**Student:** 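Starting off with a structure, shown below.
The sequence lines fix the lettering, A, B, ..., with proteins before strands; numbering per chain opens at 1. Predicted, not measured: the structure shown is a model, and the values here were computed from it.
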4 protein chains.
Amino acid sequence: MPSIPQARKQPSQARSRHAVAAILEAAARILARDGYAGMTTNKVAELAGVAIGSLYQYFPNKQALVAALHRRHGEETLAVVEATLRRGAALSPRRQLAELVSAVLALHQRELGLHRVLEREWPAFDEPPPSNPQDAALRGCVAAWLDGIGVGADRAEVLLRMADSLIHGLLLDAEPPPDLAQLISDALAGFLGLPAEN
Amino acid sequence: MPSIPQARKQPSQARSRHAVAAILEAAARILARDGYAGMTTNKVAELAGVAIGSLYQYFPNKQALVAALHRRHGEETLAVVEATLRRGAALSPRRQLAELVSAVLALHQRELGLHRVLEREWPAFDEPPPSNPQDAALRGCVAAWLDGIGVGADRAEVLLRMADSLIHGLLLDAEPPPDLAQLISDALAGFLGLPAEN
Amino acid sequence: MPSIPQARKQPSQARSRHAVAAILEAAARILARDGYAGMTTNKVAELAGVAIGSLYQYFPNKQALVAALHRRHGEETLAVVEATLRRGAALSPRRQLAELVSAVLALHQRELGLHRVLEREWPAFDEPPPSNPQDAALRGCVAAWLDGIGVGADRAEVLLRMADSLIHGLLLDAEPPPDLAQLISDALAGFLGLPAEN
Amino acid sequence: MPSIPQARKQPSQARSRHAVAAILEAAARILARDGYAGMTTNKVAELAGVAIGSLYQYFPNKQALVAALHRRHGEETLAVVEATLRRGAALSPRRQLAELVSAVLALHQRELGLHRVLEREWPAFDEPPPSNPQDAALRGCVAAWLDGIGVGADRAEVLLRMADSLIHGLLLDAEPPPDLAQLISDALAGFLGLPAEN
DNA sequence: GATGAATGAGTTTTCATTCAT
DNA sequence: TATGAATGAAAACTCATTCAT
């Protein structure tokens with residue numbers, strides 16, 4: 001199996017940029033609703049309002065479509081994390097953590113079904129989801145923050161995974177508890193050894 | 001025509017029990033290796049050494065196969081949790097938690113790939129993974145324990161989800177950190193508000 | 001591109017042996033009529049009266065179907081050549097050659113369209129049509145004959161190719177000349193240096 | 001609205017002549033490499049460096065492209081044959097034949113893969129390869145020659161086919177014998193009844 | 001019960017051709 | 001005229017499931 005492919009052709013004209021966006025949007029919607037196996041390229045093209053051939057002009061195959069959604073998700077997360085850290089620079093570490101969890105949680109809440117599939121069903125492709133550039137950037141960003149608050153920067157990787165796991169694992173529950181952000185940041189604080197605020 | 005005499009011979013229950021076990025084993029192996037989409041009932045039957053028709057004699061369809069694996073996993077987890085709690089009754093809550101995490105982690109390490117798929121790729125079937133009896137039993141068991149150590153029993157559900165998410169999310173990493181049990185129980189203790197042991 | 005594949009499964013039961021024969025027959029007919037590009041596996045299955053899935057149970061892909069026809073043709077040719085040489089052992093070399101040409105020509109005349117395609121359209125597969133066992137056997141058979149009549153056995157290969165080329169090239173003409181066998185054996189005799197019979 | 005002035009500028013015929021040449025060249029290359037089925041009009045246009053739309057401006061469809069290549073090949077062959085006969089007018093018939101074979105063989109050797117496909121894969125279109133004007137001219141030319149050397153002019157057609165078949169059949173071998181021209185002209189001489197030269 | 005050949009709807013993907021710009 | 005995005009019919013192939021033996 002070839003590894004996960006990139007986009008086939010850079011959309012240059014306005015019309016095609018629109019087509020690509022429509023395709024991604026449709027793919028997200030169907031993926032969220034029907035899962036990876038239930039998502040057919042024909043359904044995606046139809047919902048996007050383009051011909052199936054056009055879809056294949058921009059994405060060489062089904063996997064590439066999902067990979068693109070994944071990438072998009074990574075970019076959004078990175079942006080949110082950076083913004084939150086910048087905004088909360090003056091807060092206590094514990095509170096910064098809480099802000100981060102809230103922000104990322106909010107991001108996920110926007111497209112719940114999609115993220116569920118993206119995380120859970122990222123099909124058993126050859127390898128672990130490729131650590132793309134955004135992942136690295138995110139890790140770097142968090143590592144710097146940890147370093148700044150006196151926690152070993154080497155915990156960045158695990159922290160991120162924990163956060164991801166907890167967010168997805170709990171958010172996707174039938175009835176996620178209302179104080180989810182609180183619960184999760186408690187757990188992460190426990191892991192980081194940050195003292196509770198009185 | 002006279003009706004055919006009912007049963008020529010009491011069908012050996014042993015044989016069919018063996019077939020079911022072989023099928024489940026094969027399904028587990030293939031599911032772990034190829035993911036849900038890559039698991040075909042024919043491949044399962046072949047690896048199990050039974051005819052495809054026989055597979056369908058025991059499992060009405062592909063989903064049922066995966067559901068059975070899920071159930072089996074739930075049963076194993078319940079057994080491990082009960083045993084650990086029984087064995088560690090005299091320990092401090094914090095240490096009991098650590099024991100629990102270690103035990104369940106060990107269980108998962110045995111069939112890593114399988115659990116990844118079981119958790120991540122439980123396909124977007126019509127409904128969320130059915131809350132089977134074992135799940136309820138497990139929840140009850142943990143609730144009782146929490147109650148006993150002075151933590152609200154209502155946290156059982158979330159605790160279980162957290163544990164599950166963390167175990168799967170971290171264990172499946174390319175290079176899971178060596179002190180994984182420690183990290184996870186720190187996080188869970190943080191969530192439960194258990195004081196660190198000095 | 002993978003090299004030309006073999007049959008996927010040996011038909012064992014009577015029913016399936018029949019299916020394989022029907023598929024090959026249908027493939028031959030359609031290939032002869034529509035050429036390689038015009039031959040679709042679905043058309044073949046339909047004409048054969050089997051489901052498309054059954055076709056793929058015995059032939060892993062379209063190429064394998066054509067390869068099987070090729071093989072069959074090679075076997076028939078070998079049989080005809082052996083029989084003719086056996087029958088004509090007492091004749092003069094020049095006359096033996098004439099007999100051979102006639103016999104093979106007759107074989108080709110039976111399924112004209114098919115052989116046209118088999119020879120002309122054997123698509124640009126990776127390599128020259130694989131020298132299968134029958135080819136080798138045929139070469140050996142002809143080499144022995146050449147040796148027996150005092151012509152270098154090393155001409156067998158070229159002789160066979162010449163014969164093949166001439167038969168296909170001329171037979172497939174819109175109006176092949178009536179004395180085709182004569183013309184071709186004249187040419188081959190010229191190549192072999194066999195004196196004309198008065 | 002006033003009608004748009006007809007032609008802003010006489011479209012450079014040079015440019016389009018160049019485009020046609022580039023397209024044919026690209027088609028030849030791809031056809032040789034990938035066969036008829038593997039040749040797509042889009043690939044051809046890309047390799048030729050023109051837009052797919054432009055290709056369709058000069059050639060109404062894919063077949064027309066291949067037909068044009070065929071025609072080109074016919075023209076080259078005709079030219080070579082005429083030149084050879086002119087140059088060798090003083091030679092003996094047997095030697096003239098040898099010269100002809102050598103010359104045409106050389107022509108084919110230049111673009112081996114292309115001719116293979118042109119001859120072998122001329123797809124089972126509705127009709128046999130259209131007997132274009134060049135074919136007729138070639139036939140006439142050869143007929144005249146045969147007449148001049150005292151062989152029935154009616155053998156021109158068969159002679160040409162034989163030559164073609166032998167050249168393609170043998171040249172395309174994995175290891176064509178070194179004395180190919182000799183072998184082929186022996187065979188053709190045998191067919192024409194030309195005496196061997198001592 | 002056990003077998004495995006047969007089924008065929010459904011999937012992914014290609015590519016000749018068109019046509020708005 | 002040139003462009004190249006868009007089209008969509010059609011092709012190869014898969015696989016869950018059935019059912020005659």
Side-chain angles (χ1 to χ4, degrees), chain A residues 9 11-20 37-46 50-63, chain B residues 7-12 15-16 19 37-46 50-63 65, chain C residues 9 11-20 37-46 49-63 65, chain D residues 7-12 15-16 19 37-46 50-63 65:
Chain A
K9 190 193 246 177
S12 59
Q13 305 191 352
R15 184 161 45 142
S16 60
R17 206 122 22 97
H18 177 264
V20 167
M39 162 184 151
T40 77
T41 51
N42 283 290
K43 273 201 272 183
V44 170
E46 191 187 19
V50 304
I52 180 63
S54 298
L55 187 154
Y56 278 91
Q57 202 132 82
Y58 297 112
F59 300 93
N61 53 44
K62 197 179 161 184
Q63 287 187 22
Chain B
R8 196 167 276 186
K9 179 205 238 175
Q10 181 71 354
S12 136
R15 181 152 53 137
S16 68
M39 162 185 155
T40 76
T41 51
N42 284 289
K43 270 201 272 183
V44 170
E46 192 188 19
V50 305
I52 180 63
S54 300
L55 186 153
Y56 277 88
Q57 208 120 60
Y58 299 117
F59 300 92
N61 53 43
K62 193 181 165 184
Q63 287 185 26
L65 212 49
Chain C
K9 190 192 246 176
S12 58
Q13 304 191 352
R15 184 160 47 139
S16 59
R17 206 125 19 101
H18 177 263
V20 167
M39 162 185 152
T40 78
T41 51
N42 283 291
K43 273 201 272 183
V44 170
E46 192 187 18
V50 305
I52 180 64
S54 298
L55 186 154
Y56 279 92
Q57 202 132 80
Y58 298 112
F59 301 93
N61 53 45
K62 197 180 160 185
Q63 288 187 21
L65 215 48
Chain D
R8 197 167 279 187
K9 181 203 241 176
Q10 180 71 355
S12 135
R15 181 150 55 135
S16 68
M39 163 184 155
T40 76
T41 51
N42 284 289
K43 270 202 272 183
V44 170
E46 192 188 17
V50 305
I52 180 64
S54 299
L55 186 154
Y56 277 88
Q57 208 121 62
Y58 299 117
F59 300 92
N61 53 42
K62 194 180 165 184
Q63 287 185 24
L65 214 48

**Student:** Look at A/Thr40 and E/dT11 and indicate whether a side-chain polar atom (N or O) is within less than 4.0 Å of OP1 or OP2.
**Tutor:** no
**Student:** Residues two or more places apart in sequence or in another chain: which of them pass side-chain hydrogen bond (donor to acceptor under 3.5 Å, both in side chains) with A/Lys43?
**Tutor:** A/Asp34
**Student:** Report yes if some heavy atom in the side chain of D/Leu65 is under 4.5 Å from a heavy atom in the side chain of D/Tyr58; otherwise report no.
**Tutor:** no
**Student:** Can you see if the side chain of A/Tyr58 gets near the phosphate of F/dA6 - specifically, an N or O under 4.0 Å from OP1 or OP2?
**Tutor:**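 True: A/Tyr58 side-chain N/O within range (under 4.0 Å) of F/dA6 OP1/OP2.
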**Student:** List DNA chain E stems (3 or more consecutive Watson-Crick/G-U pairs, under 3.5 Å)?
**Tutor:**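 The stems are E:2-21 with F:2-21.
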**Student:** Base, sugar-phosphate or nothing for D/Phe59? Non-hydrogen atoms, less than 4.0 Å.
**Tutor:** nothing
**Student:** Grab the CD-C1' distance between A/Glu46 and F/dG8 for me, whole Å please.
**Tutor:** 13 Å
**Student:** Might you list the N or O atoms of the protein lying below 3.5 Å from N or O atoms in nucleotides 17-21 of chain F, with each pair's distance?
**Tutor:**
| unit_1 | atom_1 | unit_2 | atom_2 | d |
| --- | --- | --- | --- | --- |
| F/dT17 | OP2 | B/Tyr56 | OH | 3.1 |
| F/dT17 | OP2 | B/Lys62 | N | 3.2 |

**Student:** Counting side-chain heavy atoms from CB outward, which of F/dA2, E/dT7, F/dA5 is closest to C/Ala51?
**Tutor:** E/dT7
**Student:** Phosphate oxygens OP1/OP2 of E/dT3: is one of them under 4.0 Å from a side-chain N or O of B/Ser54?
**Tutor:**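 Checking B/Ser54 against E/dT3: at least one side-chain N or O falls below 4.0 Å of OP1 or OP2.
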**Student:** If every non-hydrogen atom of D/Thr41 is compared with every non-hydrogen atom of D/Ile52, which pair is closest and at what distance?
**Tutor:** O-CD1, 3.5 Å
**Student:** Return the value, rounded to whole Å, for the distance between atom CD of D/Gln57 and atom P of E/dA16.
**Tutor:** 18 Å
**Student:** Starting from the 5' end of DNA chain F, give me the residue, A/Val50 or B/Lys43, whose nearest nucleotide shows up first.
**Tutor:** A/Val50
**Student:** Please find the pair of heavy atoms, one from C/Ala19 and one from C/Val50, that lie closest to each other, and give the distance.
**Tutor:** CB-CG1, 4.3 Å
**Student:** To check you understand the geometry: which heavy-atom pair defines the closest contact between C/Asn61 and C/Tyr56, and what is its length?
**Tutor:**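 C/Asn61 and C/Tyr56 have their closest heavy atoms at CA-CE2, 4.0 Å.
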**Student:** Send over the distance from C/Leu55 CG to E/dA5 C1', rounded to a whole Å.
**Tutor:** 14 Å
**Student:** Return whichever of D/Gly38 or C/Gly49 has its heavy-atom-nearest nucleotide of DNA chain E closer to the 5' end.
**Tutor:**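 Whichever sits nearer the 5' end wins; that is C/Gly49.
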